[in-house]
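Below you'll find the structure, written out as structure tokens, and then a few comments.
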2 protein chains.
Amino acid sequence: MNKEEQVIMGFRDLFNKMVWLNKSKMEDSLKGYKSSEVHCIEYIGRNVDPNVTKLAESFYMTNGAISKLTKKLIKKGIIESYQKPENKKEIYFRLTEQGKIIYEIHEELHNEFQERDKAVFAQVTEEQFDSMLSFVETYSRHLDAEIKKLSVDNKSEFE
Amino acid sequence: MNKEEQVIMGFRDLFNKMVWLNKSKMEDSLKGYKSSEVHCIEYIGRNVDPNVTKLAESFYMTNGAISKLTKKLIKKGIIESYQKPENKKEIYFRLTEQGKIIYEIHEELHNEFQERDKAVFAQVTEEQFDSMLSFVETYSRHLDAEIKKLSVDNKSEFE
DNA sequence: ATTATTTTGTTGACGAGGAAACAAAATAAT
DNA sequence: ATTATTTTGTTTCCTCGTCAACAAAATAAT
């Protein structure tokens, strides 16, 4: 296995591990809330005028899934929807008071995770940080270009 | 947002993107096979005496899910199960001839992905590779220790 | 201005995966 | 040797997310 594969698979494995662990911790602290719900709350709390489409793009999920998820959160009284006078189509979301509480608990948990992993990052030099960030940036742009190609290809199938 | 968060979220985003893109490509080339099925085939092709439990641990999935997945693959004639004379409990899997074909197609696709992303890695120096690998390694061990703590905690609840 | 296309969100049928209860074999404890 | 515990795999029920069909609003094309 060459180093490229090692890096990719290493990160894949690391990521699966982290998702699994944090999800466990999360559903332990925020009993009654699924991690997907919490992610949704996090996004709505952090962004301005989030709608179904923006949430879906951010999570790489379908609009349908987000539509159902937000409906459920509304039913639970965690978020509420609103519209703008100039647009009768788009529907935005904001946190309710109860939602803000969940949001805060999540933030604390987030800090806990950072605290937990502090030791790992303490060993990382500024240069290493920058090198990793530039790697991520480059790779991400590269994939964006590939995704763009893909969507062009798919469109051309129907021409 | 500090650099720790940037790194984590950057990789998370990069990863979601890559998974989404590769999954699309995969299900395009290997029509009729889901990406989870292909992952399963990949693992069975690469490891010796894989069983339900090993597959589940590797994919961070439940035994139940793998049990169903393998049953389906057997039905499709892609894998077959076998046992060892000294153990009547564990059930192992191997690829059938048809399964080997899928495996090979997957390998080629894998090479295609590497080829596609070659340009990104070409810019990475040996030192950067090693630094990222050691970061992954350190972090992964750290999380293993945390996961271990978690399972100890859960056990102590019932004592 | 009218029509065509695109964007945005919703719904229902379906499949994938998790949780829990279970059975059978293997291992540990006595 | 017998009993208790653990490991391994399966099945049933349920939730979550996808897909496809759809409706309504917004935008583009004519």
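These numbers come from the heavy atoms of this one structure, side chains and all, not from hydrogens, waters or symmetry mates. Letters A, B, ... are given to chains in the order of the sequence lines, protein chains preceding strands, and every chain is numbered from 1. If you're wondering where the values come from, they're calculated on a predicted model, not measured in any experiment.
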Angle between ring planes, B:Tyr43 versus B:Phe59, binned at 30° and 60°: parallel, tilted or perpendicular?
perpendicular
Would the distance check show the side chain of B:Glu108 and the main-chain N or O of B:Ile105 forming a donor-acceptor pair, the cut-off being under 3.5 Å?
no
Salt bridge check: are B:Glu137 and B:Arg141 linked by an N-O gap of less than 4.0 Å?
yes
Do A:Asp117 side-chain atoms and A:Val120 backbone N/O form a donor-acceptor pair below 3.5 Å?
no
Strand DNA chain D as a dot-bracket string - pairs counted if Watson-Crick or G-U with both distances under 3.5 Å, | where the partner lies in another strand:
||||||||||||||||||||||||||||||
Under 4.0 Å, counting only non-hydrogen atoms across every strand here, what does B:Lys72 touch: a base, just sugar-phosphate, or nothing?
sugar-phosphate
Which nucleotide of DNA chain D is the first, and which the last, in the 5' to 3' direction, to come under 4.0 Å of a heavy atom belonging to chain A?
D:dC16 to D:dA26
Using a 4.0 Å cut-off on heavy atoms, which residues in residues 58-71 of chain A reach DNA chain C? List them by number, or say none.
A:Asn63, A:Gly64, A:Ser67, A:Lys68, A:Lys71
Taking NZ in A:Lys23 as the centre, count heavy atoms belonging to other residues, nucleotides or ligands within less than 6.0 Å. Is the count above 12?
no
Between A:Tyr82 and A:Arg94, is there a cation-pi geometry (under 6.0 Å to ring centre, at most 45° from the normal)?
yes
In terms of relative ring orientation, are B:Tyr139 and B:His142 parallel, tilted or perpendicular, with 30° and 60° separating the classes?
tilted
Looking at B:Lys100 and B:Glu104, is there a salt bridge between them, counting it only when a charged N and a carboxylate O are closer than 4.0 Å?
no
When B:Ser36 and A:Thr53 are each assigned the nearest nucleotide of DNA chain C, the 5'-most assignment goes to A:Thr53
Kindly check if the number of other-residue, nucleotide or ligand heavy atoms within 6.0 Å of NZ (A:Lys34) is above 12?
no
Would you check if the side chain of A:Thr138 reaches a backbone N or O of A:Ser134 as a donor-acceptor pair within less than 3.5 Å?
yes
Considering heavy-atom distances to DNA chain D, does A:Glu90 or A:Lys34 have its closest nucleotide positioned more toward the 5' end?
A:Lys34
